[in-house]
Amino acid sequence: QLHFPDSEEARRHARQRIAFNELILLQLGMLRNRRAWQAQPGIMLEVQDEWLDGALSTLPFALTGAQRRAIQIIREDMARPIPMNRLLQGDVGAGKTAVAAAALLIAVMSGAQGAIMAPTSILAEQHYRGISRLLAAMVGDTQGEESRLKVALLTGATPTAERAEIVAGLREGRIHVAIGTHALIQEGVEFERLGLAVID
């Protein structure tokens with residue numbers, strides 16, 4: 001009826017039915033995939049309310065209501081024993097990076113590592129500078145050098161010696177947050193305990 005319809009009504013109905021079939025198969029496939037990865041145990045990452053509120057209050061700007069809600073939803077997901085999968089959507093300048101930094105801090109303060117993968121070296125470098133500043137503000141300078149949160153930038157242009165040092169730091173857990181390009185998922189890059197991955 002779609003290709004050789006008996007009537008316009010039959011063609012319209014056939015088109016709707018084919019579209020429905022395609023959408024339902026796509027949705028069922030996505031649900032199957034989701035069920036499979038959520039069957040794997042997740043790492044429960046939790047922090048105390050007072051600590052998180054104190055860390056967020058040290059930011060050089062006030063969070064918007066939407067940012068606070070997004071952080072709270074992500075925080076609740078991170079505290080559950082199943083893997084989280086979230087899409088954070090917003091316009092340029094809406095504050096998605098601040099939300100990502102808060103989630104990374106929750107992961108790190110819960111004993112895990114975090115990573116942000118960007119599509120280009122330029123964007124990775126921008127994230128590295130911005131997120132390093134945000135994390136430093138939230139953690140504060142009250143900790144000694146040995147316990148300070150360590151952030152590393154890893155791209156295809158990272159010099160070999162520096163890359164080896166970063167890879168070793170990630171494997172041993174000395175680097176808490178890695179920011180980079182697809183270089184983060186290259187062979188040989190291993191994390192001691194990756195708890196949160198953000199893909200920009």
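Applying the side chain to side chain donor-acceptor pair (under 3.5 Å) criterion to Gln72, with sequence neighbours excluded, gives Glu76. Every side chain to side chain contact (heavy atoms under 4.5 Å, CB included) that Phe20 has, sequence neighbours left out, goes to Arg17, Ile24. By the side chain to side chain contact (heavy atoms under 4.5 Å, CB included) test, Glu190 is found to be paired with Arg171, residues two or more places apart in sequence or in another chain being considered. Shown here are the side chain to side chain donor-acceptor pair (under 3.5 Å) partners of Glu125, two or more places apart in sequence or in another chain: there are none. Contacts of Glu22 classified as salt bridge (charged side-chain N to carboxylate O under 4.0 Å, His left out), with partners at least two apart in sequence or in another chain: none.
Cluster membership check: Ile106 does not share its hydrophobic cluster with Ile175, using side-chain heavy-atom separations under 4.5 Å among Ile, Leu, Val, Met, Phe, Trp and Tyr. A single hydrophobic cluster is not seen to contain both Leu154 and Leu123; linkage of ILVMFWY side chains at heavy-atom distances under 4.5 Å, directly or through other members, places them apart. Both Val99 and Trp51 are members of a single hydrophobic cluster when ILVMFWY side chains are connected at heavy-atom separations under 4.5 Å. Note: the hydrophobic cluster containing Tyr128 does not contain Ile185 (ILVMFWY, side chain heavy atoms under 4.5 Å, direct or indirect links). Leu184 and Ile131 sit in two unconnected hydrophobic clusters of ILVMFWY residues. Membership requires side-chain heavy atoms under 4.5 Å apart, directly or through other members.
In this structure the side chain of Leu105 reaches within 4.5 angstrom of the side chain of Leu149, judged on heavy atoms. Counting heavy atoms from C-beta outward, Val177 and Gln113 have side chains that stay 4.5 Å or more apart. Contact of the His13 side chain with the Glu8 side chain is not registered, since no non-hydrogen atoms from C-beta on lie closer than 4.5 Å. Between Arg86 and Ile73 there is a side-chain heavy-atom pair separated by less than 4.5 Å.
Ser57 OG to Met138 CE: the interatomic distance, rounded to the nearest 0.5 Å, is 11.0 Å. The CG atom of Leu104 lies 10.5 Å from the OG1 atom of Thr97; values are rounded to the nearest 0.5 Å. With rounding to the nearest 0.5 angstrom, the CZ atom of Arg32 is 12.5 Å from the CD atom of Gln27. Interatomic distance, Leu52 CG to Leu56 CG, rounded to the nearest 0.5 Å: 4.5 Å. Once rounded to the nearest 0.5 Å, the distance linking CG of Leu25 with CG of Leu23 reads 9.5 Å. Here Met84 contributes atom CE and Leu45 contributes atom CG; the two are 8.5 Å apart, rounded to the nearest 0.5 Å.
Contact record, Leu134 with Ala98: CD1-CA, 3.9 Å, taken as the closest heavy-atom pair. Gly114 approaches Phe191 most closely through the heavy-atom pair O-CE2, 4.3 Å.
When the shell of 6.0 Å around CG of Leu2 is examined, it contains more than 12 heavy atoms from other residues, nucleotides or ligands. Counting non-hydrogen atoms of other residues, nucleotides and ligands closer than 6.0 Å to CZ of Phe61 gives a total above 12. Sparse packing is recorded around CG of Asp91, with 12 or fewer heavy atoms of other residues, nucleotides or ligands lying under 6.0 Å away. No more than 12 heavy atoms of other residues, nucleotides or ligands lie within 6.0 Å of CD in Glu165, so this atom counts as exposed by the packing criterion.
Evaluation of the side chain to side chain donor-acceptor pair (under 3.5 Å) test over residues 58-69, restricted to residues two or more places apart or in two chains, returns Thr64-Gln67.
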Given side chain to side chain contact (heavy atoms under 4.5 Å, CB included), test Met78 with Arg75 step by step and report yes or no. CA-CA 5 Å; Met78 291 174 73; Arg75 180 183 175 203; 5.7 Å; no
Dump the intermediate steps for side chain to side chain contact (heavy atoms under 4.5 Å, CB included) on Asp200 and Met117, then the final yes or no. CA-CA 6 Å; Asp200 188 355; Met117 188 169 70; over 6 Å; no
Carefully, step by step, assess Leu194 and Leu170 under the rule side chain to side chain contact (heavy atoms under 4.5 Å, CB included). CA-CA 9 Å; Leu194 181 62; Leu170 291 171; over 6 Å; no
Tell me, with the steps shown, if Ile82 and Trp37 meet side chain to side chain contact (heavy atoms under 4.5 Å, CB included). CA-CA 9 Å; Ile82 60 172; Trp37 64 259; over 6 Å; no
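Side-chain atoms of His176 never come within 3.5 Å of backbone atoms of Val108 as a donor-acceptor pair (strictly under, hydrogens ignored). Of the possible polar contacts, one joining the Ser110 side chain to the Glu46 backbone as a donor-acceptor pair under 3.5 Å is found.
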